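This report concerns only the one structure given below.
From a predicted model like this one, the values you see are computed outputs, not experimental measurements.
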Amino acid sequence: MTNIAQYLQNCSEVTCSIVSLAVMMIGGYLMTYLTRLVKLPNVTAYIVSGILLGPHVLNVIPVSFIAHSDFVGDIALAFIAFSTGEYFKIEAIRRNGFHVLAITLCDCLLTMAAVFCVIRFIFRVDLGFSIVLAALASATAPASTMMTIRQTRAHGEFVNTLIQVIALDNLVGLIEYSIVISVVSASQAGSISFHSVILPLIETVLLMLLGAAIGWLLSRVMDDLPKDERLIITLASMLIFCAVCSLFSISPLLGCMSMGALISNRSSDAIFEQMNSFAVPVLLLFFVRSGANLNIAALVSNGSSVAGASLAGIVTAYFLIRIIGKYAGAYVGCIIAGKNRTVRNYLGLALIPQAGVAIGLAALGARVLGGETGEALSNIILATSVLYELVGPACAKAALHLAGSYNESDQ
């Protein structure tokens, strides 16, 4: 297999890129046949495929291609953020806004606090790494849970609350990350001041408003356009917005989410179906490439560490503490929101999966931290995402069943 990577690296850049893309797509696709046998989501197949094909295992995908394909992650994250905006319906927010917000804030903030305290004060890792990792802990993976809901045909109050919390989870997580990364970036520059922290936040708010404005303009013409033109204009608008954000080194995620939310509330949902279909190969490449970046040997090596702390120990701690934080936060939030015992007891179980948003944000965080610390951050999130996607769907299905949202006899 090593000879394949060496051969591709000796080929022209165009040949190397085309063959690498084809191998990633075919590998990710074929792996889904294995994961379906054990009823795991496709994202797990894509990550595992990338691990196997990457330079740290079979070495089929050249390092040179991985190093020059960062743009795939940026585009994939834009798709994820845009599709998340679909769930921010004003009607649902007005009806359950306080309850869902209380649950989400408790869930995100307690999880972030728990992870930060363990990584910072028990493993004694530096402040920047600890706070970035803690901010990443808030994000969830809506795809896995939504797939489980569709497969079980679950319904009722528990399902409605779960969907709304998942959507808001990622919004709160993105805001937390934006604040944290602004502080860490300022720290990396050598000094933290009011100006260096507040200015990036103001820029983020302005970009959210710009994204909302673009979404509003698109919604005005969306329903009058033919199907193909609707997809082209929406995709072009999203890419132009991402390019503007890239020029100013600002994350486009909240802006893309705002764009999706405005379209969701002012137009039909048909565009989301088109965008989600178009996004499938992009997301496949993103997750396969992410898996290829995972250095398993570095995780299990006795000498691997972050500021002297065992990398394997941090992975284990992060995996367990985040689950505890999610469950405890959702439980406390449900008490504050006055939810019934059923929702209170089982909601946290359905919030365990973590993949897309966290992996993408980890890649951005790795750029800020840089060097071995940045690589360690990416490896931790990738490794735990595989674990979460292995246990997450089963926990979500158990939560739905225990909450009485579906019956096994109906399956």
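- The only option from Ile380, Val132, Asp126, Val125 that meets the side-chain contact (heavy atoms from CB on, under 4.5 Å) definition with Ile119 turns out to be Val125.
- No donor-acceptor pair closer than 3.5 Å links the side chain of Tyr29 to the backbone N or O of Tyr46.
- The closest donor-acceptor contact from the side chain of Tyr388 to the backbone of Phe319 lies under 3.5 Å.
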Quiz item: Between Met257 and Met208, is a side-chain contact (heavy atoms from CB on, under 4.5 Å) present by the stated rule, with each step listed?
Solution: CA-CA 8 Å; Met257 186 181 290; Met208 287 180 66; over 6 Å; no
Exercise. Start with the C-alpha gap between His99 and Thr161, add the side-chain angles, then the distance that decides, and say whether side-chain contact (heavy atoms from CB on, under 4.5 Å) holds.
Key: CA-CA 9 Å; His99 295 160; Thr161 302; over 6 Å; no
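- The environment of CZ in Arg220 is sparse: at most 12 heavy-atom neighbours from other residues, nucleotides or ligands sit within 6.0 Å.
- Pairing each heavy atom of Pro281 with each of Ser277, the nearest pair is CD-O, 3.9 Å.
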Practice problem: Test side-chain contact (heavy atoms from CB on, under 4.5 Å) on Leu400 and Lys397 and set out the steps. | Solution: CA-CA 5 Å; Leu400 292 169; Lys397 186 174 182 179; 5.5 Å; no
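- No donor-acceptor contact under 3.5 angstrom links the side chains of Ser130 and Arg120, judged on distance only.
- Rounded to the nearest 0.5 Å, atoms CZ (Arg230) and CE (Met222) are 7.5 Å apart.
- Inter-residue side-chain proximity for Phe272 and Ile263 is flagged as met; some heavy-atom pair is nearer than 4.5 Å.
- Residues Phe79 and Leu235 are in side-chain contact: their nearest non-hydrogen atoms beyond the backbone lie under 4.5 Å apart.
- In this structure, Ser264 contributes its side chain and Gly260 its backbone to no donor-acceptor pair below 3.5 Å.
- Heavy atoms only, all atoms of each residue included: Thr35 and Ala45 are closest at OG1-CB, 3.4 Å.
- Within the model, atoms CG of Leu387 and CD1 of Ile352 stand 12.0 Å from one another, a figure rounded to the nearest 0.5 Å.
- Counting heavy atoms from C-beta outward, Ile381 and Leu133 have side chains that approach closer than 4.5 Å.
- Although no hydrogens or angles enter the test, the distance criterion places no donor-acceptor pair under 3.5 Å between the side chain of Glu176 and the main chain of Ala137.
- A donor-acceptor distance shorter than 3.5 angstrom exists from the side chain of Ser219 to the backbone of Trp216, with no hydrogens or angles considered.
- Partners of Ser378 under the side-chain hydrogen bond (donor to acceptor under 3.5 Å, both in side chains) rule, at least two apart in sequence or in another chain, do not exist in this structure.
- Atom-to-atom distance recorded for Met24:CE and Phe286:CZ is 10.5 Å, nearest 0.5 angstrom.
- For the pair Thr384 and Arg322, the minimum side-chain heavy-atom distance is 4.5 Å or more.
- Atoms CG and CD1, from Asp228 and Ile233 in turn, are 11.0 Å apart once rounded to the nearest 0.5 Å.
- Checking side-chain atoms of Ser138 against main-chain N and O of Gly173 turns up no donor-acceptor pair under 3.5 Å.
- Taking 4.5 Å as the limit, some side-chain heavy atom of Val19 sits within range of a side-chain heavy atom of Val23.
- In this structure, Ser237 and Leu218 approach most closely via the heavy-atom pair OG-CD2, 3.7 Å.
- When all heavy atoms of Ser69 and Arg289 are compared, the closest pair comes out as OG-NE, 2.7 Å.
- The nearest pair of heavy atoms linking Leu382 to Ser290 is CD1-O, 2.9 Å.
- Between the Ser49 side chain and the Gly27 main chain, a donor and an acceptor come within less than 3.5 Å of each other.
- The salt bridge (charged side-chain N to carboxylate O under 4.0 Å, His left out) pairs that include a residue from residues 323-334 are Asp107-Lys326, Asp169-Lys326, where partners are two or more places apart or lie in different chains.
- Cys334 approaches Leu347 most closely through the heavy-atom pair SG-CD2, 3.8 Å.
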Self-check item: side-chain contact (heavy atoms from CB on, under 4.5 Å) evaluation trace for Thr234 with Met259
Solution: CA-CA 10 Å; Thr234 304; Met259 192 188 306; 5.7 Å; no
